[in-house]
Amino acid sequence: MKDSDIHKIVEILRDAVKNWKQPIVTQIAERGKDPFRILISTILSLRTKDDVTALASERLFSLAKTPEEMLRLGEEEIAKTIYPVGFYRNKAKTIKEICKTLVERYNGKVPDNLEELLKLRGVGRKTANLVITLGYNKPGICVDTHVHRISNRLGYVKTKTPEETEFALREKLPVEYWIEFNDLLVTLGQSICHPISPRCSMCPIKEYCDRIGVKRSR
DNA sequence: AAAACGGGGGC
DNA sequence: GCCCCAGTTTT
C-alpha cells in the first residue's frame, strides 16, 4: 500500500466494522468509560477468547466495582471468580497487586498517562495504551498481535516486534486515527485478516494490501 | 532470545 | 491430539 492510502483504508474500515462483532474490550468500554473496568478487562483478555473474558469480567465486577472493593477480595476468591480465563492464577495475583498499588499510591484512581501505567505490575505497552485511548480518550497507539500483523501485511510498516510497530506508527499514522486504529484492525483481524489463511477474497481493503507474508488465503 | 503462565475452542 | 488465542514477566 501507499502511505496516502491510509485515509481511504480507515474510511472503509470505519464503515465495514459496524457490521462485524466488536472486540470484547471495546464492547466493555462502550458501556461506561470506566478506566478501571477497561484496565481489569484488558488484563483478563490476555491470550483468552472473547466470550470467556466477557463472562469472567461480568462475574468479577458483580462482586467489586472499584479498586477499594476489589482489594477486599482474596486472591483465591478472584482466581475462582475469573476461572476459566487463561493464566487465571497469575491474573488474580496481578489484579490484587494492581488494586493495592492504586489504593496506596494513586488514591484509588487509574493513572491517565503511559509512564505511570507502565509502572503497574502486569501492565505492558499494549494494555497501557488501551487504557489511555478507551478509558481517557487520549491519543495513543495500542499495538497487539493483530495491529502488528496487519500493519506489516498491508506494507504500511516493516517491523519485527509490536513495540517497533508502535513507534513506527507514531511516526507515520495521522494522529486523528490513533485512538480508533486499534479497534479497526482488531475487528478486521478477528473477522477476516486471520493469522493463518486470511479470507482475502472478502476483505474490504484487499485492493490496498501488499499481502506481505501471506502464503495462502481464502 | 526463549520459556513460562493455562484453560477452552477449532479442526 | 495438536495448535492457536486483544501479552507480560522472568530466565
Side-chain angles (χ1 to χ4, degrees), chain A residues 13 17 20-31 33 35-60 75-76 78-98 101 111 114-135 140-153 159-167 169 178-199 213-218:
Chain A
L13 289 180
V17 300
W20 299 338
K21 183 167 176 279
Q22 294 257 292
I24 190 62
V25 177
T26 304
Q27 288 180 40
I28 288 169
E30 283 171 358
R31 287 188 197 169
K33 293 209 164 198
F36 182 58
R37 223 182 143 105
I38 311 278
L39 174 59
I40 300 300
S41 300
T42 306
I43 303 264
L44 291 178
S45 77
L46 303 188
R47 311 292 290 170
T48 299
K49 286 288 196 289
D50 269 12
D51 50 348
V52 180
T53 302
L55 189 64
S57 179
E58 203 156 312
R59 280 212 303 259
L60 182 56
E75 198 174 308
E76 279 309 308
I78 295 177
K80 196 175 65 184
T81 304
I82 64 177
Y83 184 90
V85 297
F87 312 135
Y88 67 101
R89 290 184 198 288
N90 210 304
K91 287 174 184 174
K93 189 174 178 182
T94 297
I95 289 170
K96 183 86 177 172
E97 204 170 315
I98 285 178
T101 307
L114 264 189
E115 192 184 356
E116 297 299 321
L117 280 165
L118 288 171
K119 288 181 184 170
L120 298 172
R121 172 61 65 93
V123 175
R125 299 198 67 86
K126 177 254 174 179
T127 303
N129 274 294
L130 198 59
V131 169
I132 284 176
T133 56
L134 293 185
I141 296 180
C142 173
V143 177
D144 49 52
T145 53
H146 290 299
V147 175
H148 177 58
R149 178 183 69 255
I150 299 175
S151 295
N152 276 282
R153 206 171 255 181
T159 51
K160 287 194 168 61
T161 66
E163 188 176 23
E164 286 175 35
T165 301
E166 183 190 326
F167 293 128
L169 289 175
W178 283 19
I179 292 178
E180 66 180 320
F181 197 66
N182 169 269
D183 183 55
L184 295 177
L185 261 50
V186 171
T187 308
L188 180 69
Q190 291 178 342
S191 308
I192 290 178
C193 198
H194 300 155
I196 308 291
S197 197
R199 301 157 67 187
V214 177
K215 294 186 177 62
R216 285 192 307 276
S217 66
R218 285 181 281 167

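Each chain gets a letter, A, B and so on, in the order its sequence line appears, and its residues count up from 1.
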Next item on the list: Report the C-alpha separation of A:E163 and A:V143 in whole Å, then their side-chain angles, then the decisive distance to 0.1 Å, and conclude whether the side-chain contact (heavy atoms from CB on, under 4.5 Å) test is met.
Entry: CA-CA 7 Å; A:E163 188 176 23; A:V143 177; over 6 Å; no
Next item on the list: Assess whether side-chain contact (heavy atoms from CB on, under 4.5 Å) is satisfied between A:I24 and A:S41, documenting all intermediate values.
Entry: CA-CA 9 Å; A:I24 190 62; A:S41 300; over 6 Å; no
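Spacing between C:dT8 and B:dG8 at atom P, rounded to whole Å, works out to 23 Å. Nucleotides C:dC4 and B:dA3 have their P atoms positioned 14 Å apart, rounded to a whole Å. To the nearest whole angstrom, the two C1' atoms, one in B:dG6 and one in C:dC2, are 15 Å apart. C:dC5 and B:dC5 have their C1' atoms separated by 14 Å, given to the nearest Å.
The strand DNA chain B forms stems, runs of 3 or more Watson-Crick or G-U wobble pairs with distances below 3.5 Å, at B:1-5 with C:7-11, B:7-11 with C:1-5.
Contact check for A:R149 versus A:P195: side-chain heavy atoms found under the 4.5 Å cut-off. Looking at heavy atoms from C-beta onward, A:V52 lies out of side-chain contact with A:L44 at the 4.5 angstrom threshold. For the pair A:I95/A:L60, a side-chain contact is recorded, criterion being any heavy-atom separation below 4.5 Å from C-beta on. Counting heavy atoms from C-beta outward, A:P198 and A:I192 have side chains that stay 4.5 Å or more apart. Residues A:F87 and A:K93 are not in side-chain contact: their nearest non-hydrogen atoms beyond the backbone lie 4.5 Å or more apart.
Between the P atom of B:dG7 and the CG atom of A:D51 lies a distance of 17 Å, rounded to the nearest Å. Nucleotide C:dC3 holds its C1' atom 15 Å from the NE2 atom of A:H194, rounded to whole Å. Distance, A:K91 NZ to B:dG8 P: 12 Å, rounded to whole Å. Put simply, NZ on A:K93 is 13 Å from C1' on B:dA4, counting in whole angstrom units. Rounding to whole angstrom units, OH of residue A:Y88 and P of B:dG8 are separated by 9 Å.
If you check the side chains of A:N182 and A:T133, you find no donor sitting under 3.5 Å from an acceptor.
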Checklist line | Annotated protein contacts, base or backbone, on nucleotides 4-11 of chain C with a non-hydrogen cut-off under 4.0 Å, one of B, S, - each | finding: -BBBSSS-
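When atom types are taken as modelled, the side chain of A:T127 and the backbone of A:V123 share no donor-acceptor pair closer than 3.5 angstrom.
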